Chemist: 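Questions regarding the structure given below will be posed in turn.
None of the values given here were measured: they were computed from a predicted structure.
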Amino acid sequence: MKLPGGLARRLLLRVLVFSLCFTVLASAVQLYFEYRREMRDIEARLELIRVGYLASFERSLWDLNQEQLNVQLHGLVDFPDIARASLRSADFNLVQGDERGRGPLRVERFPLSYQPPQGERRQLGELEIAIDLGGVYRRLWQGGLSNLLWMGVFLCGLAVALSWLFHSLVTRHLRVMADFVRSMTGGDLQTALQLNKHERAEQDEIDTVAHALDDMRQAIRADLRRREADRVALQHKRDELQRRVERRTASLQRAKEEAEAANRAKTRFLATMSHEIRTPLNGILGMAELLRGAPLGEQDRRRLQALSNAGEGLLAILNEVLSFARLEDGASQPEAVDFSLRQLLDDVLTLLEPRAAENGTCLRLRIDPQVHDACRGAEQFLRQVLSNLVANAVKFTEEGEVRLEVTLLESPDERQRLRFAVIDNGIGIPEAMQAKIFQRFTQASEEVARRYGGTGLGLAISKRLVEAMGGCIGVESREGEGSTFWFEVELAPGQAAPVAEPASTVAIKPLDILLVEDVALNREVAQGLLERDGHRVSLAEDAEPALLACRARRFDLILLDMHLPGLGGIELCQTIRKQAEGRNRDTPILAFTANVLPGMVRRYFDAGMQGVLGKPLRLEELRRALAGVNEPPVPVTDDGPLDSQVLATHRQLLGEHKLGELLASLRRLLDEQLPMLDEALRHDDPTEVANIAHRLAGSCQSMGLRALGGCLRELENAALAGEELAGWAERVEQRRVEALRALDS
Ligand code: ADP
């Protein structure tokens, strides 16, 4: 039989301990009573001896009958527990029984006397009885021990039986229940609780607990099923919602894309329109500019001024639209230059001074003395924002005051965070409109729009420009009292900007210029501008008359439109250079074009041109280019890794920032493609080598990395000709290192 564990074992142990104690106690009590009984028996025996035997002893002693006395003593010794009986008198000393005695003895003495019929009672002797208490004790001990033993055995049996019963009635089922609960916790809710016991009509406590547990299992199962159903329903709803959100997002995305596309189309349309209008407008203004030099009556002069003013106004609007379109396209990037802040502020105010004077408004400037003058940042952006804000302030203020204030907010590590505020006391802006006026095409009210005109773009542009500079812009205003437009930007410290010498002051000697341009208006404007500066201009509409003119005489400069009908500008340039007469073989030729893409510039130079003049033609730029023609040509070093001419032209046409971006993307292209070229060289794959070299050579050359571009071009040719390609990898690498070093220096 396996010894039951747990409760049953504890029960067994406790019953055993309890039984042991009880047995010992019970045996002790029983022993005590036995002892008392034994003692009473001995007393009774002694009493019997005293009552029944003493008289006959006295008689026999009186009679001196020794034999009788011995018989009688012997009779006493036969009594249980009497170890020894002895009689002492003057005549006898008789002893019967075991002299030595076996254990502790209890000795009782009985005096013997006799009353003769006559005379007095006489003392005859003494009877001594020794009772063997050792025997009594032994009996008691044996009885007690056997009792203890039997009781022990009985109680142990009882304890074992009890604990076995307890085990089979209770703990066994408890264990099954525990296993059941454990498997339920483990997730098994299918299996019902089965106790290994007979079903009785009457339920006991174990049945009650078992039923309660099974009820619990079913309740949990039902609850889980309900939850699962809820979860599935929820999941279903969520999926449905998700799908709906996705559908909605997709349709919103579509709508957004459509709106953006429409917006882009609108902006593009506006830009195209503005561009298209701007070209003839430039012509109109150029013409007006030319007319100024003509002898005109006072009235005509006023009309010409009005024409010019209207044209300028229209041009300003177009420029705003274009500049916004460029900003939206991300085409305008802030370009950091060194500039003098005071100079910039003075310029802005000086330009607007006449308009302010017309309105009877005075302009004031206040610069925090702590502000450093030499700054570096997007001067163009800053100038445009300030011009917009001050122009607005002037426009909306009559007979008042416009203040431009610059304060230093903080200057962490040499940079300065500046706050520019344009404060006027003009018409002000209603509170509700203040946040909206920074949106494009938004004006404070219909009435303001009618009265003051404008496009509603100035502030939108200003906001974008300020944000492009990493700053923020805002307005505080009260209707009828005035407005404060402010913005905050951070500017780096700059070197004192060199005072630019106006190009117009450069002394220019009159030149003989051939202008080849097919658009009559452009032709006329350029001619007018050039002639006003004293140059002599010959005109040609396209290649044919141009070639004729070149054959006939030598020019100091040829301006070539690149988009000519028939023979294009590049071919025409090449033809002029190759003409048999060779009159204009060395004449500087400038490309006159709107296409100033980097890839094209190199082609212009390769075709034999000396420079590029962007369209629309700007007087200052034209003068600067002509001044360049007057200067002795800078010797172009052919063997340096960089083509300084190309780089300078890019810088002039695209600006430093854009040039930087293009060079960075060229570096990326090289980083990506040169390892592939290396790989192709290692595997001796001429087709792949030629492909990659071709791709890279073009990009390098158009960005002025002459030596590397040339080397790649040679490699391409070598690969195509099936020549040995060993050693090329090192050459290309050397050129690359040189080119990058030159770019970095
Ligand atoms: P525009 O001036 O061409 O209409 P802006 O974007 O520059 O466009 O200005 C938008 C509107 O904000 C203006 O039409 C005008 O109602 C209001 N506004 C701008 N500056 C001022 C100012 N200094 N005082 C009052 N109203 C102003």
Side-chain angles (χ1 to χ4, degrees), residues 323 327 332-353 355-356 361-397 400-426 428-429 434-435 437-438 458-478 481-500 655-657:
S323 122
L327 273 175
S332 292
Q333 293 294 336
E335 185 178 318
V337 291
D338 291 319
F339 65 96
S340 149
L341 187 62
R342 175 164 275 283
Q343 179 72 45
L344 169 69
L345 298 169
D346 280 343
D347 283 356
V348 169
L349 292 187
T350 310
L351 269 177
L352 290 163
E353 189 73 54
R355 258 192 252 173
T361 298
C362 79
L363 295 182
R364 290 192 199 293
L365 171 64
R366 204 186 69 76
I367 307 179
D368 191 338
Q370 286 169 301
V371 172
H372 290 299
D373 186 50
C375 297
R376 184 171 175 77
E379 187 247 13
Q380 269 309 322
F381 280 19
L382 198 56
R383 183 185 295 272
Q384 196 175 343
V385 176
L386 283 167
S387 303
N388 282 353
L389 297 185
V390 179
N392 275 352
V394 168
K395 182 162 132 188
F396 297 108
T397 309
E401 184 187 76
V402 172
R403 270 182 295 140
L404 172 52
E405 292 185 357
V406 186
T407 32
L408 177 68
L409 295 178
E410 53 181 343
S411 70
D413 53 45
E414 298 214 313
R415 298 174 69 85
Q416 347 183 50
R417 188 164 179 81
L418 300 177
R419 181 186 163 95
F420 296 82
V422 178
I423 306 156
D424 67 54
N425 54 2
I429 304 157
Q434 286 176 12
I437 51 171
F438 289 99
L459 290 178
I461 292 177
S462 302
K463 184 166 165 22
R464 287 189 186 222
L465 291 175
V466 169
E467 282 166 2
M469 287 188 281
C472 54
I473 189 168
V475 62
E476 285 139 27
S477 178
R478 285 177 85 109
E481 290 181 21
S483 322
T484 300
F485 280 86
W486 59 264
F487 64 94
E488 293 175 11
V489 287
E490 207 172 275
L491 292 174
Q495 290 159 359
V499 182
E656 190 68 47
H657 181 81

Chemist: Of all residues at least two apart in sequence or in a different chain, which pass the side chain to side chain donor-acceptor pair (under 3.5 Å) check with Q416?
Modeler: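 Q416: no side chain to side chain donor-acceptor pair (under 3.5 Å) contacts found.
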Chemist: State which residues pass side-chain contact (heavy atoms from CB on, under 4.5 Å) with R478; sequence neighbours excluded, sorted by chain then number.
Modeler: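 In terms of side-chain contact (heavy atoms from CB on, under 4.5 Å), with neighbours along the sequence ignored, R478 is linked to E481.
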Chemist: Any side-chain heavy atom of L491 within less than 4.5 Å of one from L382?
Modeler: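 Of all side-chain heavy-atom pairs linking L382 with L491, at least one is under 4.5 Å.
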Chemist: Got a sec, which pairs hit salt bridge (Lys or Arg N to Asp or Glu O under 4.0 Å) with one end in residues 459-477, sequence neighbours left out?
Modeler: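 Every salt bridge (Lys or Arg N to Asp or Glu O under 4.0 Å) pair that includes a residue of residues 459-477, provided the two are not neighbours, is E328-R464, K463-E467.
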Chemist: Hey, which of N392, L349, V422, L365 is the one that makes side chain to side chain contact (heavy atoms under 4.5 Å, CB included) with V402?
Modeler: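 So the option named by the test is V422.
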Chemist: With sequence neighbours left out, write down each residue that passes side-chain contact (heavy atoms from CB on, under 4.5 Å) with L409, or none if nothing qualifies.
Modeler: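 In terms of side-chain contact (heavy atoms from CB on, under 4.5 Å), with neighbours along the sequence ignored, L409 is linked to R417, R419, E488.
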Chemist: Quick one: list whatever passes ring-ring contact (aromatic ring centres under 6.0 Å, His included) with F396, sequence neighbours left out.
Modeler: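 Applying ring-ring contact (aromatic ring centres under 6.0 Å, His included) to F396 gives Y452.
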Chemist: May I have all residue pairs that pass salt bridge (Lys or Arg N to Asp or Glu O under 4.0 Å) and include part of residues 371-381, sequence neighbours excluded?
Modeler: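 Residue pairs with at least one partner in residues 371-381: D338-R376, E379-R383.
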Chemist: Applying side chain to side chain donor-acceptor pair (under 3.5 Å), can you list everything that pairs with E353, at least two apart in sequence or on another chain?
Modeler: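 None.
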Chemist: Sequence neighbours excluded, which residues qualify as side-chain contact (heavy atoms from CB on, under 4.5 Å) partners of R366?
Modeler: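 For R366, the residues satisfying side-chain contact (heavy atoms from CB on, under 4.5 Å) (neighbours in sequence not counted) are E405, T407.
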Chemist: Report the residues that fulfil side chain to side chain donor-acceptor pair (under 3.5 Å) with S483, sequence neighbours left out, ordered by chain and then residue number.
Modeler: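 With sequence neighbours excluded, S483 shows a side chain to side chain donor-acceptor pair (under 3.5 Å) to S477, given in chain and number order.
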Chemist: When you compare the side chain of L341 with that of F420, does any pair of heavy atoms fall below 4.5 Å?
Modeler: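 A side-chain contact exists here, since the closest heavy-atom pair is under 4.5 Å.
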Chemist: Taking side chain to side chain donor-acceptor pair (under 3.5 Å) as the test, write out the residues that go with K395, two or more places apart.
Modeler: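 Partners of K395 by the side chain to side chain donor-acceptor pair (under 3.5 Å) criterion come out as none, since no residue qualifies.
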Chemist: Closest heavy-atom contact between N425 and G400?
Modeler: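 For N425 and G400, the tightest heavy-atom pair comes out as OD1-CA, 3.5 Å.
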